[in-house]
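So the structure is just underneath, and the comments pick up after that.
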Protein chains: 2
Amino acid sequence: MTEIDRIDRKILKFLQQDGRISTVDLAEKVGLSPTSTSDRVKRLQREGFIAGFGARLDPHRLGLELLVFVEVSLDKTTPDVFEKFAEAVRRAPEVLECHMVAGGFDYLVKTRVADMAAYRHFLGEILLALPGVKETRTYAVMEEVKSDGILPV
Amino acid sequence: MTEIDRIDRKILKFLQQDGRISTVDLAEKVGLSPTSTSDRVKRLQREGFIAGFGARLDPHRLGLELLVFVEVSLDKTTPDVFEKFAEAVRRAPEVLECHMVAGGFDYLVKTRVADMAAYRHFLGEILLALPGVKETRTYAVMEEVKSDGILPV
DNA sequence: GTTGAAAATCTAGGTTT
DNA sequence: AAACCTAGATTTTCAAC
């Protein structure tokens, strides 16, 4: 039920790299027949190892030239600031990721925007406008050394 | 050549959410025939808007329970520390992302590991073992508020 | 951008080890 | 239980419009 063998891991590795590989080609790579390969892929989906499939877009090609990380500290006097902040962030399309962290600040926000002007707008009009936001520190990305996000399977 | 219209944006949006949607279903959603939809998808790939397709795996289902961000500061006395560091990071499978940032530190590293023990091993044996690493600050993620990474198209 | 037929792929059933 | 094979159904591709 929850066991996952060497072949399953190979399947996951190849599907991460190419989510549209045909069952025939995938079967060839993992050394099984197309039918059993397809059965395994379905099982990996059904059991939640594969959450879904998606196209990887090139942000720069789409005019989103600036990647920015923002550290956010909240004013913890109101009880529901965290819930309010999380809700707003989930609705903001500029926010690609947002994580509550343990340490010096409360949330780490990853955002992509067209340019610095767009970021200033996002910071001033959206992020700082949220209730409870006490302090932010902005880190603009100069070079994306690695950004595939491929999980080690 | 580089123009991208409303229908292209719809295609990109749907393909981000479901990279394995059939051409027929995608055509239905964007209001075009399957053939022209397929032509557009091919063009969007050829012109670099779509970098590729991939399976989205569930890290928790794979036993990677801990998401950690690490701020890394380098000792900038040696000229090629940056290149050496970048090279090593690209080879490390635990590192999902690594960005050179402007601000208080040099690199922001995103990593997923099984548990705290695995993270301590990664930090001690891999990250701190790299030449030129002067200082690190670790932020363990307590809650992933948003992590889809869907680009606003 | 559309239509319609040929080719490739995927799916489902039954068979073997 | 897992892998496999064959045939029917879908989907994709490629021509002509």
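Values below: all heavy atoms of this structure, side chains included; hydrogens, waters and symmetry mates excluded. Throughout, a chain's letter reflects where its sequence line sits, starting with A, and its residues are numbered from 1.
Of all the heavy atoms in B/V81 and B/P131, the pair that sits closest is CG1-O, 4.0 Å. For the pair A/D8 and A/R43, the tightest heavy-atom approach, listed with the atom from each and the gap, is OD2-NH2, 2.6 Å.
Checking the phosphate oxygens (OP1, OP2) of C/dC10, a side-chain nitrogen or oxygen of A/T23 falls inside 4.0 Å. Taking only side-chain nitrogens and oxygens, A/K42 never comes nearer than 4.0 Å to OP1 or OP2 of C/dC10.
Distance, A/F53 CZ to C/dC10 C1': 14 Å, rounded to whole Å. In this entry the distance linking CD of A/E28 with C1' of C/dA8 reads 16 Å, nearest Å.
Residue contacts for B/T35: at a heavy-atom cut-off of 4.0 Å it reaches a base atom on one of the strands shown. Counting non-hydrogen atoms under 4.0 angstrom, A/R20 reaches nothing in the nucleic acid.
In summary, contact between chain A and DNA chain D, defined as any nucleotide atom under 4.0 Å from a heavy atom of the protein, begins and ends at D/dA3 to D/dC5 in the 5' to 3' direction.
Side-chain proximity of B/L32 to the nucleotides C/dC10, C/dG1, C/dG4 is greatest for C/dG1.
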Starting from the C-alpha separation in whole Å, work towards a yes-or-no answer on side chain to side chain contact (heavy atoms under 4.5 Å, CB included) for A/I21 and A/L15. CA-CA 7 Å; A/I21 187 174; A/L15 281 180; 3.7 Å; yes
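Side-chain contact check for A/S33 and A/S36: at least one donor-acceptor pair (N or O, by modelled atom type) lies under 3.5 Å. Looking only at atom types and distance, the side chain of A/S73 has no donor-acceptor partner in the side chain of A/Y107 under 3.5 Å away. A/E65 and A/H60 form a side-chain donor-acceptor contact under 3.5 Å, judged by distance and modelled atom types alone.
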